[in-house]
Amino acid sequence: MRGRPYDFAAIEARWRRAWDEQGIYRTPEPSSRPKQYVLDFFPYPSGAGLSVGHARNYVPTDVLARYFRMRGNAVLHPMGWDAFGLPAENEALLRGRHPGETTREYAANYRAQLSLLGCSYDWSREIATSDPAFYRWTQWGFLLLHRQGLAYRAAGWQWWCPKCQTILANEQVEAGRCWRHGDTPVERRSLEQWYVRTTAFADRLLRDLDDLDWPEHVKTMQRNWIGRAAGAEIRFPVAWGGGEITVFTTRPETLPAATFIALAPEHPRAVELASADRRDDVERFVMGALRRTEIDRMVGAGIARTANGGMADGGDARGIFTGAFAAHPTSGDLVPVYVADHVLAHYRTGAVMGVPACDERDAAFARRFGLPVGTGRPIGDPDGVLADVARRGAGGPAVRYRMRDWLISRQRYWGAPIPIVYCERCGTVPVPEDQLPVRLPEVARYEPSGDGRSPLAAIPEFVHTTCPQCAGPAERETDTLDGFADSNWYFLRFADIRYDTGPWHPEAAGYWLPVDWYIGGVEHAVMHLLYARFFTKVLQDAGLITFGEPFVRLRNQGSMLSPSDGARMSKSRGNVVTPDDVVAQHGADALRLAVMFIGPFDQDVTWDPDAARGAARFVRRLHVLIARAAEAAARPAPPATGEPPEAEALRRRLHHATKTAGELIEGFRFNVLVAELMTLLNDLELLESGRVGTPQWREAMLILARIIAPVTPFLAEEAWAMLGGEGSVHGSSWPKVDPALTAEGDAEATIVVQVDGRMRDRIVVAGTPDRDALIEAARGGERVRAALRGREVANVVVVPGRVVNFVTRARTS
RNA sequence: GCCGGGGUGGCGGAAUUGGCAGGCGCGCGGGACUCAAAAUCCCGUGGGCGAAAGCCCGUGUGGGUUCGACUCCCACCCCCGGCACCA
């Protein structure tokens, strides 16, 4: 036949419309069928739209979802929008438009782009976190935390980003700078904030990592973040002043050599302990230290690296003597108490013992302030020292975590209002659940005020309310919830987004959850995933769900770098390649192939325009092969009759392809998957002659259409239709694999013949010949005989179905 | 410094986990078609020697185990990511 060029644009558009009309990706109702919950990290829809980098995330998950559907699983594969939060608000601010409006618009664009790619989301389950029907339940979650004693309000020194005009959580501060504004050093402010007691679950969050099927480096990052350290707390009585100072150490055995105490500037007793003559100086020092960022203090102390990677010499390590002394708990010696820049307040007790003999930093500090370094080998055994300390009632073992509680309040407009009311008479009162949601009011101005309060504080109608308890006058909390409060639990909502008597439908969630496959970028390795794990454990403890981990398997796709500058694609850099352009040029199937074939799923790769061209070539060749078969099958009298040559070979080839394709999909080896499909096509082109027009060939093509269906859904559907398949190929089942046809050995096998481990020949044998026959056959080749000439065979290694190796030595006689 | 991952042709990367290194694709070279170009198709493509058959070398470096090592062990070099005051 004279093949018309493959008109991907028309064909893809036609099937896109047909699938949409038929709703073939509608999630089935819970049943006894085994389920697969395949979930992408939900994005915040930005005005920039999707880049081909996003396709590296969404296309492979789509392949996975399609594959499982064909395998007979009930599949939940939804998409939603992380619409609340700073990124969405900053974007809207930039454009001078209401974030609700831009979010809706951008989400629609995302949806269209994802459909363009052929992603099989069930759009009837779309959610947006900024929807009151959704954030009603985010607020419910906060109240649950509050009820459990896991949400509390406290004052403290907070990170403040002058650009964002808001408080940042510790983890949003990177090297002393705002995570969104790398050029902006953060400042410190003291404010009343809401916290969530994530530290209460530190141990479980750490332990439960062991059983998760997650990338090892993500687990490592979480372990680092949680930062468990076992050690001891030791109390030093304050001489004369009364009370005591508690220090934490992971090396209690060095206690005998401790020569001073150092307090954090924030330590509550830092100033109070100072002797009268030194109090002013100490106070001045403390105030100075508080104004500086932690990183700055560390750099000065020669501990952390400076911005350019250099190390300060530590010469200006700052500290000041308070004039106070404490009694060493075991020796009774008096040791001086200092306030030191480099001691951190929130790190356990905010006080350390200085052991210059064992610790470089302490040694530097001691040198600078002329403190005794202590005697040579002070190390005792930890148990002995601890026993001694315990006997004196001066402390004992303690465990500490680096992780801090989650600061959840934001002084921003675009988030779920914290459902709390402050009443003069009743104090802090949670909004009753039946009064949720506390709606975000429409405002004219939603820019942050810059005075540390959210714009909601400027809306009297919002602020002034009545106390739910006493009905007296009261004021609403005006802070909103951090966006991670939404992504904490959204995966539960997808089980049934219309359920309105609770955050999730108990039966539906019982069926679909936990998430079987969770896929997204590694940038959320700590915060989102840790908070979601935390919240899941809270729900489990409250008896609301039965599982303790939300995401059974986690996979991170690598990012897509731009060929123009080798950097990650971003609108600000102007180096974005859009999927729209690639689809227009080569088609969606080609784009899907290209983003998968370009490199291993979890690896960073550089976009290569040639990759799409190559993929398009593959699509065309597939189409030509199938179209030829379809046309031949449609002819009234098939040219060939009877069993065609080597029917077995064709059958084997397809069964093998089916088997490997399935394994590669489940193993997330999409680049190898595409390579296998290309190899399959090459082989089929070789097998084609003499078979076209036979029923067996048509059958083979129908199997081929099903194998490629997850990967190139448009072409597969077209092929299915051309070949006269029933219904949609995406409603058909994954081809059955007959183990007998994929097993090695019972047909013919190629055996490698080696002499002294060097490949010299290969022979083809049928069935499983015995050892002697194999050796005889192996010996026959000309190359083997040449290699054996003049040598004596000392041994023959035979690996059935694989290799025959003649081990020789020089002929002695 | 500690932890995790990695180093294979011109390039992206494969190799059933100890058994043919370089499958698949890109690029490149040659050819066919074309007035020509693009597209498409065919052949070739790790390095060296050789007309060829073939031989030798070759998976970051050096050693080791093994009949046989990209794969396992020891030492080292380099790259990427994470952590790094955390007492």
Side-chain angles (χ1 to χ4, degrees), chain A residues 3 5 215-225 227-229 231-232 247-252 254 258 262 264 294-295 297-305 317 340-344 346-355 358-362 400-402 522 525-526 558 593-594 597-600 602-606 608-618 620-621 624 656 660 663 669 671-682 744 750-762 782-783 786-787 794-799 801-808:
Chain A
E216 205 47 52
H217 71 280
V218 173
K219 293 199 207 179
T220 305
M221 283 162 79
Q222 295 219 347
R223 289 193 187 104
N224 286 341
W225 184 261
R228 184 182 197 273
V247 303
F248 177 75
T249 177
T250 54
R251 299 191 56 196
T254 65
E294 279 183 5
I295 199 76
R297 280 160 56 182
M298 292 313 114
V299 169
I303 288 158
R305 275 168 209 287
D341 239 7
H342 69 273
V343 180
L344 299 184
H346 42 69
Y347 189 71
R348 196 69 195 202
T349 63
V352 301
M353 60 184 197
V355 189
C358 303
D359 185 290
E360 253 178 74
R361 288 181 318 253
D362 291 348
R400 137 286 131 165
Y401 298 92
R402 203 181 71 97
V522 76
V526 177
L593 287 162
F597 189 54
I598 198 163
D602 57 359
Q603 196 174 295
D604 289 357
V605 294
T606 306
D608 175 8
D610 286 333
R613 292 196 321 124
R617 205 170 294 166
F618 174 59
R620 275 195 298 271
R621 279 173 60 205
V624 166
H656 179 258
T660 36
E663 288 166 357
R669 308 192 55 210
N671 58 326
V672 187
L673 169 70
V674 175
E676 282 302 324
L677 296 179
M678 289 173 165
T679 310
L680 174 64
L681 173 61
N682 290 344
E744 285 181 43
T750 304
I751 308 284
V752 171
V753 184
Q754 300 175 334
V755 177
D756 293 319
R758 305 178 73 93
M759 204 276 285
R760 294 293 160 173
D761 200 5
R762 53 190 75 125
E782 183 47 49
R783 289 181 61 201
N795 187 20
V796 185
V797 179
V798 177
V799 181
R802 288 267 166 76
V803 78
V804 175
N805 186 15
F806 296 97
V807 185
T808 72

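Order of the sequence lines sets the chain letters (A, B, ...), proteins ahead of strands, with each chain counted from 1. All values derive from a computational prediction rather than experimental measurement.
Evaluation of atom-type donor-acceptor distances gives a pair under 3.5 Å for the side chain of Gln754(A) against the base of rG19(B). The base of rC26(B) lies outside donor-acceptor range of the side chain of Asp610(A), with no N or O pair under 3.5 Å.
With salt bridges taken as basic N to acidic carboxylate O contacts below 4.0 Å, one links Arg223(A) and Glu216(A).
Applying the 4.0 Å criterion to OP1 and OP2 of rG68(B), one finds that Arg760(A) has every side-chain N and O outside that range. For Arg758(A), no side-chain nitrogen or oxygen approaches OP1 or OP2 of rG19(B) to under 4.0 Å. Close to rG82(B), at under 4.0 Å from its OP1 or OP2, lies no side-chain N or O of Arg223(A). Here Arg617(A) reaches the OP1 or OP2 of rC26(B): one of its side-chain N or O atoms lies under 4.0 Å away. Contact annotation: Asn682(A) side-chain N/O to rG25(B) OP1/OP2 distance is under 4.0 Å. Between Thr220(A) and rG82(B), a side-chain N or O to OP1/OP2 separation shorter than 4.0 Å is absent. The side chain of Arg620(A) places an N or O atom within less than 4.0 Å of a non-bridging phosphate oxygen (OP1 or OP2) of rU40(B). Residue Arg400(A) has a polar side-chain atom (N or O) positioned under 4.0 Å from OP1 or OP2 of rA87(B).
Judged by distance alone, the side chain of Arg402(A) and the main-chain N or O of Asn224(A) form a donor-acceptor pair under 3.5 Å.
Mapping Thr249(A) and Thr679(A) onto RNA chain B by nearest heavy atom places Thr679(A) at the nucleotide closer to the 5' end. RNA chain B is contacted by both Asn224(A) and Asn671(A); Asn671(A) maps to the nucleotide lying nearer its 5′ end (nearest heavy atom per residue).
Look at CZ on Arg783(A): it is 6 Å from P on rG54(B), rounded to the nearest Å.
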